[in-house]
Amino acid sequence: MQIIMKAKYLIITMALLALACSLTSAYDPSPLQDFCVAVKDPASALFVNGKFCKDPKLASANDFFLSGLNIPRDTSNPLGSNVTAVNVDNLAGLNTLGVSLARVDFAPYGLNPPHTHPRGTELFIVLEGTLYAGFVTSDGDAGNRLFTKMLYPGDVFVFPFGLIHFQLNVGKTKAVAFASFSSQNPGLITIANAVFGSDPKINPDVLTKAFQVDKKLVEYLQKQIWLSNS
Ligand SMILES: *[C@@H]1O[C@H](CO)[C@@H](O)[C@H](O)[C@H]1NC(C)=O
C-alpha cells in the first residue's frame with residue numbers, strides 16, 4: 001500500500017517537473033554552429049538554417065559589423081520618430097543567433113506608435129530625453145492591463161513578447177533610445193497601419209463593428225496615409 005502511495009507521489013512529482021521544464025523552454029533555437037552568415041546566392045552557400053549560410057571559411061569580421069548607429073536620424077515625419085533597425089537583413093552575421101537591435105530617435109513630443117513584434121521580447125534603454133512608455137497585456141480574465149513607466153536616461157523597460165507597446169517623448173527636447181530583441185528579426189506590426197492602412201482595405205463593416213464607431217469615421221481613417229517610422 002505504502003509503495004503504491006510512494007509511486008503515486010513519484011509520478012506526480014515527475015509530471016510537475018516535466019511541466020516546469022516545458023514552461024521554461026526558449027523561443028529562439030540555440031545556434032547549431034558558431035555562426036551562420038546569411039547569404040543570398042545559393043552557389044556560395046554550405047547548408048540551410050532559416051537562410052542560406054555562407055561557408056564559414058569565407059566569413060569575415062565585416063559580416064558581423066555595422067556602423068553609424070551614433071548618427072541621429074531625421075525625425076521630421078508626422079510621428080516625430082525614426083527607427084533604425086539592425087537585424088539579419090542588414091547584419092547578415094546575426095543569422096540564427098536570436099538577437100538584434102534598433103536605434104530610436106524622437107523629436108520633441110514624437111511618438112513611436114502602438115505596435116508589436118510578433119517574434120521577440122524587447123529591452124528598451126533610454127540614453128537621452130524623457131519617454132512615457134507602456135504595454136498592454138493579452139485579452140482574458142483581468143486582461144488588457146496597461147503597464148506604463150516614465151523613462152529617463154539610463155532607464156530600462158521590458159516589452160514582453162508580442163504585446164502591444166508604445167513610447168511617447170513627453171519632453172521639450174529630442175530623445176534617443178536603443179532597443180534589443182530576442183530574435184534575429186523580431187518583425188513589426190504597427191496597429192494603426194495594419195488595421196486602417198492594409199492593402200487592400202479591410203471591409204469597413206468589419207472595422208465599424210469591431211471598434212463600435214460610425215462607419216464614416218472608419219472610412220475617414222482608411223483614407224489617411226499610414227506612414228511607417230522605420
Ligand atoms: C529616418 O532617417 C533617415 C536618415 O536621417 C532618413 O533617410 C529616413 O527617411 C528617415 N525615415 C523616416 C521614416 O522618417
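One-based numbering, in listed order, for ligands and for the atoms of each.
- Around atom CD1 of I225, no more than 12 heavy atoms belonging to other residues, nucleotides or ligands sit under 6.0 Å away.
- Each of the following atoms of ligand 1 lies closer than 4.0 Å to a heavy atom of R73: 2 (O), 5 (O).
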Passes ring-ring contact (aromatic ring centres under 6.0 Å, His included), F135 versus F124? Steps please. CA-CA 12 Å; F135 65 85; F124 187 83; over 10 Å; no
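- No more than 12 heavy atoms of other residues, nucleotides or ligands sit less than 6.0 Å from atom NZ of K209.
- Linking Ile, Leu, Val, Met, Phe, Trp and Tyr whenever their side-chain heavy atoms come within less than 4.5 Å leaves F157 and V136 in two separate clusters.
- Atom 5 (O) of ligand 1 has as its closest protein heavy atom D74 N, 2.9 Å.
- R119 places no side-chain N or O within 3.5 Å of a backbone atom of H117 that could act as its donor or acceptor partner.
- Under a 4.0 Å heavy-atom criterion, S228 is in contact with ligand 1.
- Less than 4.0 angstrom separates atom 14 (O) of ligand 1 from at least one non-hydrogen atom of the protein.
- When the heavy-atom distances from atom 2 (O) of ligand 1 to L79, D105, N82, I71 are ranked, the shortest goes to N82.
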